[in-house]
Amino acid sequence: MSATALETAPDSLAGFTVGVTATRRREEFGALLERRGARVVSAPAIRLVPLEQDGELLDATRLALAAPIDDVVITTGVGFRGWMAAAEGWGLSGELTGALAAARLLTRGPKARGAVRAAGLTDHWTPATESCDEVKDHLLAQDLDGRRIAVQLHGEPLAAFVADLRRAGAEVIEVPVYRWLPYRDTSPLRRLVSQAVTGAVDAVAFTSAPAVLAMLREARARGQEEALLGAFSSGVVAACVGPVTAHPLVERGVPTLQPERSRLGALARALARHLPEFGVARVDAGGHRLEIRGHAVVVDGELRPLPPAPMAVLKRLAGKPGHVVSRADLRLVLPGSSHARESAEHAVEMAVTRLRRALGPAGIVETVVKRGYRLAVR
């Protein structure tokens, strides 16, 4: 493969592969990553199913309207708009708008607040962290005994949130505006699980907790859940748009990368800062500066994409810079290589030949006769 004539910026994602599990706005998010140089693997994990025709939402709306509502927790802008649209279809728009106008509206973040204001309503309070936990703490700091609180769900139950409010004496009406279901075609997500387990992607980006749960569920069905969690804990970055999204992974002890603000642009910037700093091995070999990234190497500032086998060899050599790595050892890291000795040794030789050709300058990878190969590091 030929080199790409560019000087990689400190926040460039060139040479990295990022899996994207989003369904809504996945093209927008993928474009944000690709503009920074990333290779994007799209694997929608879930699909959004509106409940306009669902009796569960209608029942919850009628229950909320049966008596004055004191507080309404609005967790998402799209969910609030869906609720208002459904009420209009049922002929309940005026009644619901009147009930909401008389209540305190607590919005989880700016998008929910914007949807409330677009409906001509006044928001009462929005947490700085855009966290449901902060909304809950704000409510629990008050006397909730006998208060009627409607909680707009965002695709999954808020069991602990609702239970804590009820223990404080509130009557809580759960409003399931939409629910998440598995994406119809699960094959892209299945492939992404395998890519994450084998380290073929450098990061997986999540924009909702249901997407995290869907990927874990897919891995569990394949007997790879522990391997996936291990990959997220030891090299593959689990990038989450915010604490609500990260919660299922944090519960399992998995470290996550989160932006300061829960926005797609902020998530892309967080990845662009993190991967070049922590996902790069740097070494000087044969008088040249190498930066080894996910699927490419930067040689003296030039990005050079590598196929999987040469990249596996380079990463193994870079793991022991200057030391000889035997052919037998390199055989083990080749993706899909045969276990037959002769064919495997030939595969190693071919991978080294392709690696040298891709790197460009001679003398970076040295052959040590009858022993193996080494990076030319003093």
Side-chain angles (χ1 to χ4, degrees), residues 21-25 45-46 48 51 56-57 60 64 69-84 100 103-117 121 123-144 147-180 205-214 216 238-252 254 256-264 266-267:
T21 59
T23 303
R24 287 194 316 115
R25 302 176 67 191
I46 51 177
L48 182 67
L51 300 184
E56 190 177 352
L57 175 58
I69 312 171
D70 297 299
D71 303 282
V72 182
V73 177
I74 299 158
T75 57
T76 64
V78 65
F80 181 76
R81 287 191 294 271
W83 189 16
M84 297 299 288
L100 295 175
R104 295 192 312 171
L105 306 184
L106 287 74
T107 55
R108 183 171 65 92
K111 291 183 180 179
R113 184 176 60 214
V116 164
R117 292 179 179 179
L121 297 167
D123 53 287
H124 173 73
W125 181 80
T126 302
T129 61
E130 302 179 32
S131 163
C132 283
D133 284 340
E134 190 174 351
V135 175
K136 181 181 72 174
D137 292 342
H138 178 79
L139 285 168
L140 291 176
Q142 307 163 40
D143 182 7
L144 299 184
R147 291 186 74 83
R148 298 187 82 235
I149 303 175
V151 178
Q152 176 240 307
L153 307 180
H154 52 77
E156 61 178 356
L158 293 173
F161 185 101
V162 169
D164 287 348
L165 296 185
R166 285 174 174 159
R167 273 195 294 270
E171 177 190 348
V172 181
I173 301 104
E174 299 174 77
V175 182
V177 179
Y178 52 80
R179 65 166 60 99
W180 301 105
F206 298 101
T207 56
S208 70
V212 176
L213 295 170
L216 292 176
C240 299
V241 74
V244 174
T245 297
H247 184 69
L249 291 172
V250 172
E251 274 193 324
R252 304 293 294 272
V254 173
T256 61
L257 174 69
Q258 299 177 38
E260 292 182 1
R261 299 182 69 231
S262 299
R263 297 287 181 274
L264 293 184
L267 182 59

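Ring geometry, His138 versus Trp125: the interplanar angle falls under 30°, so the pair is classed parallel (tilted spans 30 to 60°).
Under the side-chain contact (heavy atoms from CB on, under 4.5 Å) rule, Ile46 has a single partner from Thr23, Val212, Thr21, which is Thr23.
A donor-acceptor pair under 3.5 Å links the side-chain atoms of Glu134 to the main chain of Thr129, judged by distance alone. At least one donor-acceptor pair under 3.5 Å links the side chain of Thr75 to the backbone N or O of Gln152. Looking only at distances, no side-chain donor or acceptor of Asp70 sits under 3.5 Å from a matching main-chain atom of Ile149.
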Evaluation steps, side chain to side chain contact (heavy atoms under 4.5 Å, CB included), between Ile173 and Ile69
CA-CA 10 Å; Ile173 301 104; Ile69 312 171; 5.7 Å; no
Would you please test Leu264 and Thr207 for side chain to side chain contact (heavy atoms under 4.5 Å, CB included) and show each step?
CA-CA 8 Å; Leu264 293 184; Thr207 56; 3.5 Å; yes
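Across all non-hydrogen atoms, the minimal contact from Ala64 to Arg148 is O-NH1, 3.1 Å. Annotation for Ala115 and Arg81: closest pair CB-NH1, 3.6 Å, computed over non-hydrogen atoms. Here the shortest heavy-atom pairing between Ala239 and Leu267 reads CB-CD1, 3.9 Å. Ala45 and Ala214 get closest at one heavy-atom pair: O-CB, 3.7 Å. The nearest pair of heavy atoms linking Gly79 to Val177 is O-CG1, 2.8 Å.
In this structure, the side chains of Val172 and Phe161 stay at 4.5 Å or more apart for every pair of heavy atoms. Using a 4.5 Å cut-off on side-chain heavy atoms (C-beta onward), Phe206 and Leu213 make no contact. Annotation: side chain of Cys240 is not in contact with side chain of Leu257 (no heavy-atom distance under 4.5 Å). By the 4.5 Å heavy-atom criterion applied to side chains, Phe80 and Leu100 are counted as neighbours. With contacts defined as side-chain heavy-atom distances shorter than 4.5 Å, the pair Val241/Gln258 does not qualify. Taking the side chain as every heavy atom from C-beta outward, Ile74 and Leu106 never approach each other to under 4.5 Å. Using a 4.5 Å heavy-atom threshold, the side chains of Val151 and Val175 count as separate.
Residue pairs meeting the salt bridge (charged side-chain N to carboxylate O under 4.0 Å, His left out) criterion with at least one member in residues 157-169, sequence neighbours excluded, are Lys136-Asp164, Asp164-Arg167, Arg166-Glu174. Residue pairs meeting the side-chain hydrogen bond (donor to acceptor under 3.5 Å, both in side chains) criterion with at least one member in residues 103-113, sequence neighbours excluded: Asp71-Arg104, Arg104-Gln142, Thr107-Thr126.
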Name each donor-acceptor pair under 3.5 Å that joins a side chain in residues 242-251 to protein atoms two or more places apart or in another chain, with its distance.
residue	atom	partner	partner atom	Å
His247	NE2	Glu251	OE2	3.3

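The CG atom of Leu153 sits 9.5 Å away from the SG atom of Cys132 when rounded to the nearest 0.5 Å.
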